[in-house]
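Let me begin by presenting the structure, written as structure tokens, before commenting on it.
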Number of protein chains: 2
Amino acid sequence: MSGNRQVSRQPRGDATRQAILDAAERIFADLGYAAARLEDVAQLVGIRRPSIVYYFAAKQQLYDQVEADIFAAMHQFVLERMAGAGDPLERLLALLDAWLDFLVQRPTAARIIQRLVADLGPRGDNPVRFSETALRDIEAVVAEGVSTGQFRPVSAMHILNGIAAGALFYVCNAGQMGQTRAYDPADPDELERFRAMMHVLARAAVGQEAR
Amino acid sequence: MSGNRQVSRQPRGDATRQAILDAAERIFADLGYAAARLEDVAQLVGIRRPSIVYYFAAKQQLYDQVEADIFAAMHQFVLERMAGAGDPLERLLALLDAWLDFLVQRPTAARIIQRLVADLGPRGDNPVRFSETALRDIEAVVAEGVSTGQFRPVSAMHILNGIAAGALFYVCNAGQMGQTRAYDPADPDELERFRAMMHVLARAAVGQEAR
DNA sequence: GCGTTTCTACCTACACGAAGGTAGATTATC
DNA sequence: GATAATCTACCTTCGTGTAGGTAGAAACGC
């Protein structure tokens with residue numbers, strides 16, 4: 001059979017596939033890979049477990065796709081937000097803001113990344129790593145700022161570990177407090193307070209604190 | 001230190017018990033609770049699996065004990081390190097240094113905490129929570145600095161999320177990079193560079209960036 | 001237009017391995 | 001010889017992956 005198939009593809013299967021990915025992101029974020037059951041995902045979607053296998057051959061593949069989608073979306077989000085900024089400091093702050101906003105609006109992604117960082121080194125078959133991607137994004141900006149003399153010589157790794165980590169924590173830690181201290185990371189006031197502090201820290205890190 | 005109630009009891013079992021706890025901390029840190037197998041722990045200790053059950057009735061109890069030991073040791077470590085400091089800023093830096101040093105010398109604890117923060121709210125039966133404990137420690141110091149006017153009004157939560165998170169990341173993230181970028185968090189040079197940056201951030205956060 | 005066929009998107013049922021926990025025997029220690 | 005410590009062997013549960021089936025839509029032949 002000579003192939004002439006996908007002219008106007010809009011099978012309802014695509015919607016199901018996306019629903020499975022959404023549900024899986026939620027379940028993997030809540031429970032972690034090992035504790036997450038395909039049964040949970042199926043229930044959230046409203047289908048039976050083997051139907052998931054129809055779209056994703058194995059649990060690991062489903063997870064890998066969830067992770068890949070998160071990285072892609074995050075990287076894309078960062079690029080869009082940085083498009084307007086020219087000044088290195090401005091670009092650095094835009095980058096950090098992008099991370100913060102992305103994680104706040106998609107806390108499941110934050111928790112998946114949080115778990116990822118706890119794991120041991122990269123799995124062989126999954127070359128896409130959060131920290132690598134994130135580091136590359138940051139390195140470009142930092143290198144520019146340092147080369148123009150606008151930043152003090154500072155390692156991108158330190159910015160990542162010292163500041164970007166805060167954005168993750170801000171989101172993940174919200175649910176960790178008791179009722180008295182719990183906060184909503186998406187609350188505009190709360191978010192802007194944290195953002196302001198993150199900017200202060202970033203300026204301090206690159207040596208632009210009060211100049 | 002740890003409970004030593006029965007006076008002339010066989011120390012042999014106590015040693016095994018501790019060996020199990022040490023091995024379990026390692027395995028739980030590496031794999032997370034769900035993926036960790038008691039078989040792995042037993043193998044690391046050099047005993048058979050049911051022998052673990054002789055000391056800990058169930059996997060969950062073993063894990064809870066590991067977690068409790070970590071929190072106790074960390075809190076103790078912080079108290080000792082802060083004993084000498086009087087000035088609020090000095091005390092804050094001592095607290096952060098204590099966290100950093102504790103996590104660096106016990107990276108398994110760092111990874112367990114990292115996973116913990118990814119989980120949803122507190123489990124009912126396990127009242128001891130990292131973030132609660134850590135926050136209480138920090139709140140005392142921050143409240144003092146703010147009341148004396150030495151700190152700008154800043155929330156302890158922000159210090160926790162913005163700065164303490166960095167220490168965790170610094171340790172956990174070390175193994176996440178590719179071979180080219182991997183670093184050893186315990187390397188003295190590396191550690192002191194990160195510590196210096198953390199101090200800069202802390203001073204900036206409380207408004208003491210340049211003294 | 002209408003039967004036939006094929007494909008999509010699900011389903012039920014089951015087989016199999018993996019892991020936690022249990023029972024009771026066995027060895028070491030005093 | 002009693003008690004602590006560890007073992008072997010077994011049971012049970014649970015979750016994945018697989019095999020195979022079915023309703024309905026789309027494509028096809030005439």
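The structure presented is a predicted model; accordingly, all values stated were derived computationally and were not measured. Order of the sequence lines sets the chain letters (A, B, ...), proteins ahead of strands, with each chain counted from 1.
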| task | Using a 4.0 Å heavy-atom cut-off, write out nucleotides 16-24 of chain D from 5' to 3' as B (base contacted by protein), S (sugar-phosphate only) or - (no contact). | result | BBB------
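Between B:F56 atom CZ and C:dG20 atom C1' there is a gap of 16 Å when expressed in whole angstrom units. In this structure, B:I47 places its CD1 atom 18 Å from P of D:dA4, rounding to the nearest Å. Rounded to an integer number of Å, the gap from CD1 of A:I20 to C1' of C:dA9 is 10 Å. Whole-Å rounding puts the A:I52 CD1 to C:dA9 P distance at 15 Å. Nucleotide D:dC7 holds its C1' atom 13 Å from the OH atom of B:Y54, rounded to whole Å. Protein atom OH of B:Y55 is 18 Å distant from nucleotide atom C1' of C:dG21, rounded to whole Å. When rounded to the nearest whole Å, the span between CZ of B:R48 and P of C:dT26 equals 17 Å. For the pair B:Y63 OH and C:dA19 P, the computed distance is 19 Å after rounding to whole Å.
Inter-residue side-chain proximity for A:I20 and A:Y54 is flagged as unmet; no heavy-atom pair is nearer than 4.5 Å. Looking at B:L116 and B:E67, their side chains come closer than 4.5 Å, going by heavy atoms from C-beta outward. Residues A:R136 and B:R181 form a side-chain contact, since some pair of their non-hydrogen atoms from C-beta on lies under 4.5 Å apart.
For D:dA5, the OP1/OP2 oxygens have no side-chain nitrogen or oxygen of B:S51 closer than 4.0 Å. In this structure, B:T16 reaches the D:dT6 phosphate: one of its side-chain N or O atoms is under 4.0 Å from OP1 or OP2.
If you check the side chains of A:Q65 and A:Q61, you find no donor sitting under 3.5 Å from an acceptor.
For A:R26 and A:D30, the salt-bridge test passes: some basic side-chain N is under 4.0 Å from an acidic carboxylate O. Taking a cutoff of 4.0 Å between a charged side-chain nitrogen and a carboxylate oxygen, A:D119 and B:R115 qualify as a salt bridge.
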